[in-house]
There are 2 protein chains.
Amino acid sequence: MRIAEPTVERLVQYHRLLEQLSSEGRKVVSSQEIGQMLSLKASQVRKDLSYFGEIGKRGVGYHVDRLFEHISGILASPKKWPIALVGVGRLGEALLGHRAFRSEKFDIQALFDVDPEKVGTNVMGIPCFHMDTAAEEIRRLGIQVIILTAPSSVAQLCVDTLTAAGGIRGILNFSPVSIVTPPDVLVYSVDISVELEKLLFYLKGREE
Amino acid sequence: MRIAEPTVERLVQYHRLLEQLSSEGRKVVSSQEIGQMLSLKASQVRKDLSYFGEIGKRGVGYHVDRLFEHISGILASPKKWPIALVGVGRLGEALLGHRAFRSEKFDIQALFDVDPEKVGTNVMGIPCFHMDTAAEEIRRLGIQVIILTAPSSVAQLCVDTLTAAGGIRGILNFSPVSIVTPPDVLVYSVDISVELEKLLFYLKGREE
DNA sequence: TTATGTGAACCATTTCACAGCC
DNA sequence: GGCTGTGAAATGGTTCACATAA
């Protein structure tokens, strides 16, 4: 069964929350409590969790550690994905150092940039190569996923170069532009300023 | 009329695209072309744009500069929102330096952190204060919006302190945790790692 | 003839309401 | 009695299809 995107997103949230609850020694939690902590309806939580079999106990709730392991299994990766990050600017470096980007599911093996100050050095322990050599490095390392933090002006150019190398399966795009890829490349985007635009738009509406 | 969130998100995209098209000297564009460039259906583009009156010309398309100004008006802010950024780590600094965070719509007037290396200095020209003095600074400067880039572990604590100061209308949360606020505070979140999780989840599904 | 604007149909997601089990 | 699991209903958003205007 195809799992809807909003559901996957919430599964990640449940996973994080359960990790925290578990570390606090919590044993059991109800859909209502989860909902309160994540600002979701209890029925939403139950429906999400029910897609993967009956994991809760009626009249009791969900066993924290058991549910955590269960969701771990759903979100688990069959392998460690080989990733490259393209564009080692402030944002790229911030991501490299971010706790959320340390994971068992992937391994950032290469960085690409055009800045001579960075090419040839290691950043956070990862070697930085010149964009001109990206295609061969991608093939050599078997890179399958790209984190794109290059400036908007060159984002599409980078994507064209990288996908032409072959083997790229997915791109996580941080540039505030929409990029075009071959249909077999999955793209997800994080637009760091569009949420601020939305916030201000709806705040304006509240001011009257 | 209430405008749906996905529509506001796309309006921001149209706005960016039109700015670019205008700078390239483009005069007219059709819903079909806009759709192609942003990976949207033409009908979606037309519906979005029609919410705000008839702005296109039947048989012709949309006049680029006119549509750009039109959307500018829709997204316009009645004032420059006074903002503070909380948590001057790598991510916070990356945002401060990001082009997308320079805008007519707001003004980042204060930074808050607990690091003695940062408190009392200016970062990107903005003064950094200690979190302990946040409440008084927020009241003094009339801060209404918070960009939260503090570590997850203290995110909720920060939110409680900040909202208690009064006057806070909205929070843009970059911590990968869900935060709880009084109902009059609007919260939007940018989760920099959840999109990567989704990407890997669906890539796994494609591998078979 | 071409491309917009829009009601209606469609599809996806959320919420309800209650049966089922602990 | 309490809380999950789940069809059914409601809601929200997208796409279609065509009337309408340049």
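Bear in mind the structure is a predicted one, so any value in this text is a computation, not a measurement. Letters go in sequence order (proteins before strands), and every chain restarts at 1. For the numbers below, each heavy atom of this structure counts, side chains included, while hydrogens, waters and symmetry mates do not.
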Exercise for review: May I ask you to verify if any side-chain N or O of A:Ser31 is less than 4.0 angstrom from the OP1 or OP2 atom of D:dT4?
Suggested key: yes
Review point. If an axis is fit to five pairs at each end of the helix from C:dT1-D:dA22 to C:dC22-D:dG1, what is the angle between the two, to the nearest 10°?
Key: 0°
Should the pair [X]-[Y] be classified as a salt bridge under the 4.0 Å nitrogen-to-oxygen rule?
X: A:Lys198; Y: B:Glu5; answer: yes
X: A:Arg140; Y: A:Glu137; answer: yes
X: A:Arg16; Y: B:Glu197; answer: no

Exercise for review: Check DNA chain C against residues 33-66 of chain B and give the residues with a non-hydrogen atom under 4.0 Å, in numerical order.
Suggested key: B:Arg46, B:Lys47, B:Ser50, B:Glu54, B:Ile55, B:Gly56, B:Lys57, B:Arg58, B:Gly59, B:Val60, B:Gly61, B:Tyr62
Check your understanding: With a 6.0 Å cut-off on ring centres, are A:His130 and A:Phe112 close enough?
Key -> no
Review point. Does the side chain of B:Gln36 pick up a donor-acceptor pair with the side chain of B:Gln32 at under 3.5 Å?
Key: no
Practice item. Would you kindly say whether A:Ser30 and A:Glu33 are connected by a side-chain donor-acceptor distance under 3.5 Å? Key: yes
Practice item. Take atom CG of B:Leu67 and atom P of C:dA3, then tell me their distance rounded to the nearest Å. Key: 16 Å
Check your understanding: Just how far, in rounded Å, is P of D:dG12 from CD of B:Glu5?
Key -> 13 Å
Exercise for review: For A:Arg2, answer base if it contacts any base atom (sugar-phosphate contacts may also be present), sugar-phosphate if it contacts only those atoms, and nothing otherwise; contact means non-hydrogen atoms under 4.0 Å.
Suggested key: nothing
Practice item. Look up atom CG in A:Asn173 and atom CD1 in A:Ile171, then write down how far apart they are to the nearest 0.5 Å. Key: 7.5 Å
Exercise for review: Indicate yes or no for a side-chain donor-acceptor contact from B:Ser22 to the backbone of B:Leu18 under 3.5 Å, with no hydrogens or angles considered.
Suggested key: no
